[in-house]
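Note sheet for the following structure.
Letters A, B, ... are given to chains in the order of the sequence lines, protein chains preceding strands, and every chain is numbered from 1.
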2 protein chains.
Amino acid sequence: MLPKTTPAALTLDDVAQRAGVSPMTVSNVINGKQGVRDATRQRVLDAIAETGYRVNPMARTLAGGRNRIIGVLTPQMNQPYASEVVQGAVGAAQRLDYALIVMMSGSADFSVMTQLSAGVLLIQPPSEGHPLRTHLPPHVVSVDGPSEYPCMVDNYGGACLAIQHLLGLGHTRIGFISGLQAEPSVIAEAGAAQSGQRNDAHERFRGYRESLASAGLQLLPEYVQHGDFTKESGAATAQRLLQLPHPPTALFVSGDAMALGAIHMAQDLGLHVPKDLSVVGFDDLPLAAAARPALTTVRQPLQQMGAVGIELLVALAEHRPVALPAPFPTTLIHRESTASPV
Amino acid sequence: MLPKTTPAALTLDDVAQRAGVSPMTVSNVINGKQGVRDATRQRVLDAIAETGYRVNPMARTLAGGRNRIIGVLTPQMNQPYASEVVQGAVGAAQRLDYALIVMMSGSADFSVMTQLSAGVLLIQPPSEGHPLRTHLPPHVVSVDGPSEYPCMVDNYGGACLAIQHLLGLGHTRIGFISGLQAEPSVIAEAGAAQSGQRNDAHERFRGYRESLASAGLQLLPEYVQHGDFTKESGAATAQRLLQLPHPPTALFVSGDAMALGAIHMAQDLGLHVPKDLSVVGFDDLPLAAAARPALTTVRQPLQQMGAVGIELLVALAEHRPVALPAPFPTTLIHRESTASPV
DNA sequence: TTGAAAGCGGTACCAG
DNA sequence: CTGGTACCGCTTTCAA
């Protein structure tokens with residue numbers, strides 16, 4: 001059982017008294033300031049160790065010091081994508097000796113996090129009307145979304161990887177289940193994508209389209225569907241695709257959960273995966289490896305992206321120069337859900 | 001694209017000036033204190049609305065006020081169990097107008113969270129040697145672990161539900177894959193469990209043992225295995241069970257991930273689930289419903305447990321009386337992984 | 001009903 | 001090298 005009483009909060013003065021110096025000196029020691037005699041420093045350090053003193057981050061922040069807290073804002077805790085990114089962020093924060101606090105987008109006011117932390121990492125930042133726009137944190141970097149310093153995966157390259165894998169297997173009828181997108185139709189917007197207005201959906205579609213083209217294949221509009229990244233939408237869109245008079249023999253699905261939904265739907269329709277239908281996902285979430293058949297998918301280095309995000313944030317907080325992060329490379333993970341067509 | 005500049009932090013004084021009152025009055029209005037003339041209050045409210053002012057939680061805490069932040073300490077972000085609890089906690093916090101921040105056990109010093117929040121919710125608190133023991137927060141309640149106010153599920157009842165379901169289906173050879181436990185052997189400790197030293201593993205085993213007994217069935221020691229809640233351990237222990245000369249026809253598995261591992265192992269061994277082997281899990285994580293075959297499992301109301309935890313914490317923080325939470329009831333969710341033996 | 005003063009636990013700045 | 005002083009943004013206490 002845990003003890004019940006909060007140990008009366010220690011202050012700088014307590015430590016100072018114990019060490020026989022002024023509070024200021026203790027502060028200086030803690031912050032590694034130059035010009036403290038070694039003997040003094042040691043005495044202070046000892047006092048800190050003996051008392052178990054910890055600086056109060058609130059007071060520290062208020063007084064204008066750095067607080068070594070960085071925040072992560074994530075849409076939902078139980079979204080595997082975000083979990084992976086956070087996992088990477090945790091590791092990096094630990095390495096850099098920063099505390100990491102995470103908040104869900106919904107939970108309370110974002111301004112709290114702004115005021116609590118020296119910088120915040122946005123995971124899939126909400127688009128336009130979000131309150132985020134009013135109370136902005138000191139530093140923002142984002143994973144998979146817009147910000148000053150976006151950490152994005154190479155969506156185009158990833159899509160190419162997927163399609164080329166399928167092409168290499170001998171598939172010629174390849175469907176595409178895209179993720180949600182602001183624009184009414186990916187196809188209609190194909191042109192716009194060229195003009196700089198890039199997002200995940202656009203880029204992946206561009207990879208699909210161009211890979212098909214360079215293999216001399218025609219893009220069939222009815223082979224392109226839109227889901228919303230849920231398993232259910234994967235199943236629903238797959239059903240539409242598979243009930244086409246001339247159904248695809250392979251599917252590139254813009255998300256692992258949707259891909260799983262597609263596979264289950266195919267099975268319900270009496271198809272064998274991968275014998276009758278090959279499916280490639282996107283993300284490589286833990287569930288991709290755990291599924292049966294295990295999912296062939298395009299891997300995003302999500303943990304790495306989270307880690308890099310934190311590193312940027314810390315650099316920013318410490319006023320070190322930072323470069324714009326380059327797109328992160330994808331990898332094709334070949335598992336059991338793809339094979340040559342019969 | 002998001003704006004780049006942090007809006008110069010507004011203070012109480014800014015608002016006060018705008019409203020033509022003293023900072024104190026603004027503070028009083030914000031905190032709903034009595035004795036502010038309605039006209040004055042309105043002017044202040046307007047000023048707040050116009051400026052978009054938000055109290056600084058750091059300053060508020062430092063000054064001794066309540067800070068309406070509560071923290072959650074979770075082992076890992078990507079553990080579905082914890083995600084569910086947090087999801088519930090988020091909802092409750094939102095309802096109660098508290099900000100919720102979550103930290104991973106590993107990430108930085110726990111004392112930070114202590115100092116940041118008015119109370120903390122521990123999810124599966126680490127056992128003995130943890131640093132938690134030294135710097136304790138003002139208030140602690142825990143989900144699935146020891147604390148002054150533990151929110152625990154009725155593990156015994158849940159196990160009974162599972163076994164009775166299997167019994168009802170006609171199974172008589174029922175294996176049990178238990179979770180990790182401190183003691184060397186669940187069976188050896190069966191007696192100890194009676195004497196008050198309860199934990200999840202004990203309680204579930206007790207449910208297994210007693211349900212078997214009351215059906216007149218004998219408990220076979222070789223039918224009881226221990227996993228560590230991972231899919232892999234589920235597969236490994238299931239393999240041992242299924243390769244017994246007289247293998248069980250049904251498995252009660254103390255965790256959904258392990259249950260899935262067991263199912264996949266059975267399939268690899270050429271068994272059909274549920275025709276040749278029935279499997280019941282525990283938890284009812286999202287993956288249970290998503291799996292093929294969908295997993296029959298004992299549902300823990302994890303989100304509810306998280307929500308209740310937050311409610312307790314808030315009550316504690318606001319010095320309202322709280323009662324010890326009663327064990328949460330379980331439900332059997334019958335899906336596709338169980339059937340009568342052939 | 002309102003406001004002035006003190007102080008929460010630190011850090012910045014500058015004096016000793 | 002060390003420490004005094006002011007002040008961060010807010011709430012408490014108490015006087016006006």
Side-chain angles (χ1 to χ4, degrees), chain A residues 6-44 47-48 51-69 111-112 114-116 118 135 138 317-319, chain B residues 6-44 47-48 51 53-69 111-112 114-116 118 135 138 317-318:
Chain A
T6 306
L10 289 169
T11 77
L12 219 44
D13 300 76
D14 295 325
V15 179
Q17 242 179 298
R18 206 165 197 304
V21 298
S22 82
M24 264 325 304
T25 302
V26 178
S27 175
N28 286 334
V29 169
I30 289 176
N31 297 350
K33 294 272 200 282
Q34 301 299 328
V36 178
R37 199 187 313 156
D38 269 4
T40 313
R41 173 186 310 282
Q42 197 50 53
R43 249 184 321 139
V44 172
I48 293 178
T51 56
Y53 167 78
R54 334 243 68 192
V55 299
N56 180 330
M58 321 281 272
R60 203 217 268 284
T61 307
L62 202 53
R66 298 270 133 329
N67 72 0
R68 302 196 79 86
I69 296 179
S111 65
V112 171
T114 292
Q115 305 179 84
L116 248 39
H135 301 288
E318 296 176 354
H319 304 106
Chain B
T6 305
L10 289 169
T11 76
L12 220 44
D13 300 76
D14 296 323
V15 179
Q17 243 179 298
R18 206 164 197 304
V21 298
S22 82
M24 261 328 304
T25 302
V26 177
S27 174
N28 285 335
V29 169
I30 289 176
N31 297 348
K33 293 273 199 281
Q34 301 299 329
V36 179
R37 201 185 314 157
D38 270 2
T40 314
R41 174 188 308 283
Q42 197 49 55
R43 252 186 315 142
V44 172
I48 292 178
T51 56
Y53 167 80
R54 333 243 69 191
V55 297
N56 181 330
M58 320 283 271
R60 204 218 267 285
T61 307
L62 202 54
R66 298 270 133 333
N67 71 1
R68 302 194 90 55
I69 296 178
S111 64
V112 171
T114 291
Q115 304 180 81
L116 247 40
H135 301 289
E318 295 175 355

Legend entry - Nucleotide-level pairing of DNA chain C, given in dot-bracket where Watson-Crick and G-U pairs need both distances under 3.5 Å and | marks other strands: ||||||||||||||.|

Nearest-Å distance for atom pair [atom1]/[atom2], residues [X] and [N]:
| X | N | atom1 | atom2 | value |
| --- | --- | --- | --- | --- |
| B:Asn56 | C:dG10 | CG | P | 16 Å |
| B:Asn67 | D:dG9 | CG | C1' | 14 Å |
| A:Leu62 | D:dC8 | CG | P | 9 Å |
| A:Asp13 | D:dG4 | CG | P | 11 Å |
| B:Met58 | D:dC7 | CE | P | 21 Å |
| B:Met24 | D:dG9 | CE | C1' | 12 Å |
| B:Gln115 | C:dC8 | CD | C1' | 13 Å |
| B:Leu12 | C:dG3 | CG | P | 12 Å |

Legend entry - 5′-ward residue of the pair A:Thr11/B:Ser22 relative to DNA chain C: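 On the 5' side of the pair lies B:Ser22.
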
Separation of [Y] [atom2] from [X] [atom1] (nearest 0.5 Å):
| X | Y | atom1 | atom2 | value |
| --- | --- | --- | --- | --- |
| A:Arg41 | A:Thr25 | CZ | OG1 | 10.5 Å |
| A:Leu62 | B:Arg60 | CG | CZ | 13.5 Å |
| A:Asp14 | A:Thr51 | CG | OG1 | 8.0 Å |
| A:Ile30 | A:Ile48 | CD1 | CD1 | 4.0 Å |
| B:Tyr53 | B:Thr11 | OH | OG1 | 7.0 Å |
| B:Met58 | A:Asn67 | CE | CG | 5.5 Å |

With the side chain of [X] defined as its heavy atoms from C-beta on, choose the nearest nucleotide among [options].
| X | options | result |
| --- | --- | --- |
| A:Arg60 | D:dT12, C:dG10, C:dC8 | C:dG10 |
| B:Thr25 | C:dG3, C:dG9, D:dC10 | C:dG3 |
| B:Ala63 | C:dC13, C:dT2, D:dT11 | D:dT11 |

Legend entry - Under 3.5 Å donor-acceptor, B:Arg43 side chain and B:Ala19 backbone: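 A pair under 3.5 Å: yes.
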
Inset, instruction - Give a yes or no on whether the backbone of A:Val36 and the side-chain of A:Thr40 come within a donor-acceptor separation of less than 3.5 Å. - result: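 No, the answer is negative, given that no donor and acceptor are paired below the 3.5 Å cut-off.
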
Inset, instruction - Please list residues of residues 27-44 of chain A whose heavy atoms come under 4.0 Å from any atom in DNA chain C, ordered by number; otherwise none. - result: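 The answer is A:Ser27, A:Asn31, A:Lys33.
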
Inset, instruction - Show your reasoning for whether side-chain contact (heavy atoms from CB on, under 4.5 Å) applies to B:Val15 and B:Val21. - result: CA-CA 9 Å; B:Val15 179; B:Val21 298; over 6 Å; no

